[in-house]
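Take a look at the structure below.
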Amino acid sequence: MNINVFFDIVGAQFYAGVPDSQLKALCDYLMCIYGIDSNHHIIAANEGNAVAIAAGYHLSTGKIPVVYMQNSGEGNVINPVASLLSDKVYGIPIIFVVGWRGEPGVHDEPQHIYQGEVTIKLLEDMDISTFVIDKDVSESDLKEAMDSFGAVLDKGKSVAFVVKKGALEYDGKIQYKNDYPMTREEIVKHIVSAASDDVIVSTTGKASRELFEIRESEGIGHERDFLTVGSMGHTSSIALGIALNKPEKRIWCIDGDGAALMHMGAMAVIGSYKPGNMIHIVINNEAHETVGGMPTVAGNVDLAGVAKACGYTYSVTVSDKSALDEELNKVKSRRDLSLIEIKCSIGARADLGRPTTTPMENKRGFMDYLKR
């Protein structure tokens, strides 16, 4: 279905959400017609944040907003859906648009499989009526679904369109880019070189894929690395848990700007404990690149300043190779909680692969390495 048809039938004037590759047609369309516009379109830090923004929009306008997200974000919306939107509380109606990763019977990555199995059930458990959009859904089908949703929304309840792979299409072209010179893959190579035999915990998305391929190309095992293939925004907390319990080991956390923003409160907790063996690196390309390239607000945020305010002993921002190598060498010689924000270009190799080991194999090898 062409995204113009979907957009017109839904009829909403305000969208908030977290980008998803399954919803790339919608995301690109919103960026094309609205960009980042406080009156029509906000890219939120996380899905719960998007729900709250949308609730504020409804309270101030009386109109019904849309919240878009990947199904992995359902966990982030459970609290505000149950305790804010519910018709047993405030009765605030929202139209959810949910990308269905891990749809049963469709091949997907391991982190999406169980989430895909419970996608519809979680929505139904939250008393959210659902309609699945696939490639065969017609314009009349969608109109009929939207008409039936109208009665539900009028009662102060929420509804959801669950979108299968390839169900929405958009012919427009939009390019996401910035002017920073370093690519993420070469940044990860520099980190790997500096870390040597230290432990690395890497974030969701292409950073972990690049780390895996760098180890493969250098003929080095993967036991030093924990690849956080799911659970976006929680990598730094995983690294904290390891750092506190393995104080004799240096722990490098490779984070992304979208992930760091998603659960930024983790930085306050990390800063309060100040593990001197933890190095927190945020590769900041100011974009949700793994799911299409839509911007984050990290271009307007001083992440090094945030870290300093949260209690990190040392924090710095770099944007070129010489400054990066200088800071990586410095950080190895100190025993203080440190953050390095690295400005990065948008883009990755077209032939970038995925880990060939399973998450369970990764966990076992990593735990064995920590014991040694």
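The structure displayed is predicted, hence computed values, not measured ones.
With hydrophobic clusters built from ILVMFWY side chains whose heavy atoms lie under 4.5 angstrom apart, L227 shares a cluster with I191. A single hydrophobic cluster is not seen to contain both M264 and I283; linkage of ILVMFWY side chains at heavy-atom distances under 4.5 Å, directly or through other members, places them apart. Taken together through direct or relayed side-chain contacts under 4.5 Å among Ile, Leu, Val, Met, Phe, Trp and Tyr, I43 and I3 form part of one hydrophobic cluster.
Ring geometry, Y29 versus Y170: the interplanar angle exceeds 60°, so the pair is classed perpendicular (tilted spans 30 to 60°).
Remark: the H112 side chain and the E103 side chain contain no N/O donor-acceptor pair separated by less than 3.5 Å. No side-chain donor from either of T357 and N362 sits under 3.5 Å from a side-chain acceptor of the other. No side-chain N or O of K165 forms a donor-acceptor pair with one of Q22 less than 3.5 Å apart. Side-chain atoms of D28 and Y176 include a donor-acceptor pair closer than 3.5 Å. Side chains of N284 and E341: a donor-acceptor N/O pair is present below 3.5 angstrom, by distance only.
Here the shortest heavy-atom pairing between V67 and A50 reads CG2-O, 3.8 Å. Of all non-hydrogen atoms in L339 and L303, the two that sit nearest each other are CD2-O, 4.3 Å. Closest of all the heavy-atom pairs between L337 and G271 is CD2-CA, 3.9 Å. M182 and I342 get closest at one heavy-atom pair: CE-CG2, 3.6 Å. In terms of heavy-atom proximity, Y312 sits nearest to M267 at CE1-O, 3.4 Å. For G48 against P80, the heavy-atom pair with the smallest separation is CA-CG, 4.1 Å.
Classification of K249 and D198 as a salt-bridged pair fails, no side-chain N sitting under 4.0 Å from a carboxylate O. Between E185 and R349 there is a salt bridge, since a side-chain N of the basic residue sits under 4.0 Å from a carboxylate O of the acidic one. Between K121 and E124 there is no salt bridge, since no side-chain N of the basic residue sits under 4.0 Å from a carboxylate O of the acidic one. A salt bridge between K321 and E186 is present, with a side-chain N of the basic residue lying under 4.0 Å from a carboxylate O of the acidic one. Between K155 and D87 there is no salt bridge, since none of the side-chain N atoms of the basic residue sits less than 4.0 Å from a carboxylate O of the acidic one. A salt bridge links D225 with R215: the distance from a Lys NZ or Arg NE/NH1/NH2 to an Asp or Glu carboxylate oxygen falls below 4.0 Å. A salt bridge links R184 to E289: at least one charged side-chain nitrogen sits closer than 4.0 Å to a carboxylate oxygen. Comment: K330 engages E326 in a salt bridge, judged by a side-chain N to carboxylate O separation of less than 4.0 angstrom.
Using a 4.5 Å heavy-atom cutoff, the side chains of S158 and V81 are not in contact. The closest side-chain heavy-atom distance from Y114 to V118 is below 4.5 Å. Contact annotation: the side chain of L211 approaches that of I200 to within less than 4.5 Å [non-hydrogen atoms, C-beta and beyond]. When side chains are defined from C-beta on, V331 does not count as touching Y314, because their heavy atoms never get closer than 4.5 Å.
Rounded to the nearest 0.5 angstrom, E210 CD and I214 CD1 are separated by 6.5 Å. From L85, atom CG reaches atom NZ of K157 across 13.0 Å, with rounding to the nearest 0.5 Å. With values rounded to the nearest 0.5 angstrom, R101 atom CZ is found 10.5 Å from L23 atom CG. Between atom CH2 of residue W100 and atom CG of residue D108 there is a gap of 12.0 Å, rounded to the nearest 0.5 Å. Of the inter-residue distances, the one linking L26 atom CG with L168 atom CG reads 7.0 Å to the nearest 0.5 angstrom. Atom CD1 in I281 sits 10.5 Å away from atom CD in E327 (nearest 0.5 Å).
No more than 12 heavy-atom neighbours from other residues, nucleotides or ligands sit within 6.0 angstrom of CG on D179. By the neighbour-count criterion of 12 heavy atoms within 6.0 Å, atom NZ of K189 is sparsely surrounded, having that number or fewer from other residues, nucleotides or ligands. Heavy atoms from other residues, nucleotides or ligands lying under 6.0 Å from CD of E117 number more than 12. For D171, the CG atom counts as loosely surrounded, since its 6.0 Å shell holds 12 or fewer non-hydrogen atoms of other residues, nucleotides or ligands.
The ring of H40 has its center no closer than 6.0 angstrom to the ring center of Y15. For F161 and F96, the ring centers sit 6.0 Å or farther from each other.
Evaluation of the ring-ring contact (aromatic ring centres under 6.0 Å, His included) test over residues 326-372, restricted to residues two or more places apart or in two chains, returns F226-F366. Judged as a ring-ring contact (aromatic ring centres under 6.0 Å, His included), the pairs with a partner in residues 46-94 (not counting sequence neighbours) are, in order, F14-Y57, H41-Y68.
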Residue pair E361, H222: steps toward the side-chain contact (heavy atoms from CB on, under 4.5 Å) verdict: CA-CA 10 Å; E361 289 169 338; H222 304 283; over 6 Å; no
Full working for side-chain contact (heavy atoms from CB on, under 4.5 Å) between S345 and N178: CA-CA 6 Å; S345 64; N178 61 43; 3.9 Å; yes
